[in-house]
2 protein chains.
Amino acid sequence: MGYGLAEGNGVLRLSKLTDYAVVVLTRLDEAEDGGVLTAPGLAASTGLGEPTVSKVLKTLSHAGLVEGRRGAAGGYRLTRPLGAMALTEVITAIDGPIALTACVDNAAGFCDAEARCPVRGRWDPVNDAIRRALSGISIADLAGVPAVVPHPEGEPRYAAAE
Amino acid sequence: MGYGLAEGNGVLRLSKLTDYAVVVLTRLDEAEDGGVLTAPGLAASTGLGEPTVSKVLKTLSHAGLVEGRRGAAGGYRLTRPLGAMALTEVITAIDGPIALTACVDNAAGFCDAEARCPVRGRWDPVNDAIRRALSGISIADLAGVPAVVPHPEGEPRYAAAE
DNA sequence: CTAAACCGTACCCCATTGGTACGGTTTGCA
DNA sequence: TGCAAACCGTACCAATGGGGTACGGTTTAG
């Protein structure tokens, strides 16, 4: 597949799943029927695989970012507006905690080559810089909020702007 | 091995090679004999594998961050002081360009699912934030500049500080 | 002439990730 | 009361990319 994220670009590669999560969250934000959409419905409207969408939703649900209601008329619903949902929360939910080094945040002093390690804990300025940069970015900032973008048959072509 | 970087933590994982690069660059900065050290020597003093160190040096050399001199009395030398060497340069040299998405920086409009892609190019605020956070961090900032830390036999234990 | 070191390329192994499958439980509705 | 639709949890499989290695070639001091 491949949506917006790079294939094997380089650093700072966050997973495709995170990309999918943003897509799905955006779609959920556009929902109108009480803001509830089903996983199969989301899969159809986004073009992603249904099992993949389910997986993403499950993870987001586990993190408390969406709420799943079971049963025949079930579906998923945002627990918060996207403007109040930090990007870091989604990243943490999908990819785990945002950390660059192991020595720094985790229990310090567990390096297997602790002896003769010349840069112990020296990466934390980078960590802090990254965290500071990422905090303050909400999903709404990424969504651009085109709101209720229809996706009829044919070729929507969201790109055509400007 | 594993030096300072996390194993499989999460986002923002930059490669171990970049970690090694910082280690090697720091060692080179501590050198005194005209600032020239050999790859085997660096491997021995850092505890890293000799082929791996060579690989890192070769890459750094190709990026112009170090200068390799061949022959019997050859070795590597910094082309700039660490304070004037940006972290982003090292990252770019080892891991490639710092980019989060493919659609944004590269030739736009090559998404295989370009139609119905709801977040085209929406990741660039993140890209910008990351770049802005990383610029302004030099290798000297990471090195801490303990300068000429001896590594005799026994157990150096750099951690023992404070 | 030889040894030591850099250089380039190509190769292999394995861990992480993306994606899938399946059985179970809940719930609206006929 | 049974059925269908949807969420839930877990486990599994395939492939991509990165870490690490090997090898042959070229340069250069002694």
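So you know, we letter chains A, B, ... as the sequences are listed, proteins then strands, and number each from 1.
The side chain to side chain donor-acceptor pair (under 3.5 Å) search around A/Arg132 returns none, not counting sequence neighbours.
The side chain of B/Ala72 approaches C/dA3 more closely than any other nucleotide in the set C/dA5, C/dA3, D/dC8. For A/Pro40, whose side chain is taken as the heavy atoms from C-beta onward, the closest listed nucleotide among D/dT28, C/dG18, D/dC7 is D/dC7. Picking from C/dG19, D/dT26, D/dG20 the nucleotide with the shortest atom distance to the side chain of B/Arg70 gives D/dT26. The nucleotide whose nearest atom lies closest to any side-chain atom of B/Lys58 is, among C/dG8, C/dT27, C/dA4, C/dG8.
Between the CG atom of B/Leu48 and the C1' atom of D/dG19 there is a distance of 12 Å, given to the nearest Å. Atom NE2 in A/His62 sits roughly 17 Å away from atom P in D/dC7 (whole-Å rounding). Between B/Ile94 atom CD1 and D/dG20 atom C1' there is a gap of 14 Å when expressed in whole angstrom units. Distance B/Arg69 CZ to D/dT27 C1': 10 Å, rounded to the nearest Å. Distance, A/Tyr20 OH to C/dG18 C1': 7 Å, rounded to whole Å. B/Lys55 places its NZ atom 13 Å from the P atom of D/dA22, with the value rounded to the nearest Å. One can place CG of A/Asp95 at 12 Å from C1' of C/dG18, the figure rounded to the nearest angstrom. In this structure, the OH atom of B/Tyr76 is 14 Å from the P atom of D/dT28, given to the nearest Å.
Side chains of A/Ser138 and A/Asp141: a donor on one and an acceptor on the other come within 3.5 Å.
When the side-chain nitrogen and oxygen atoms of A/Thr52 are compared with OP1 and OP2 of C/dT20, one or more of them lie within a distance under 4.0 Å.
With respect to A/Val56, the side-chain contact (heavy atoms from CB on, under 4.5 Å) criterion is satisfied by exactly one of A/Leu17, A/Asp19, A/Val90, A/Thr18: A/Leu17.
No hydrogens or angles were tested; on distance alone, nothing pairs the side chain of B/Lys16 with the base of D/dG18 as donor and acceptor under 3.5 Å.
Mapped onto DNA chain C by nearest heavy atom, B/Gly75 and A/Pro51 fall at different nucleotides, with B/Gly75 at the one closer to the 5' end. Where B/Gly71 and A/Ala73 each meet DNA chain C at their nearest nucleotide, the meeting point lying more 5' is that of B/Gly71.
The two residues A/Leu142 and B/Pro125 have their closest heavy-atom pair at CD2-CG, 3.9 Å.
If you take NZ on A/Lys16 and CD1 on A/Ile94, they are separated by 14.5 Å, rounding to the nearest 0.5 Å.
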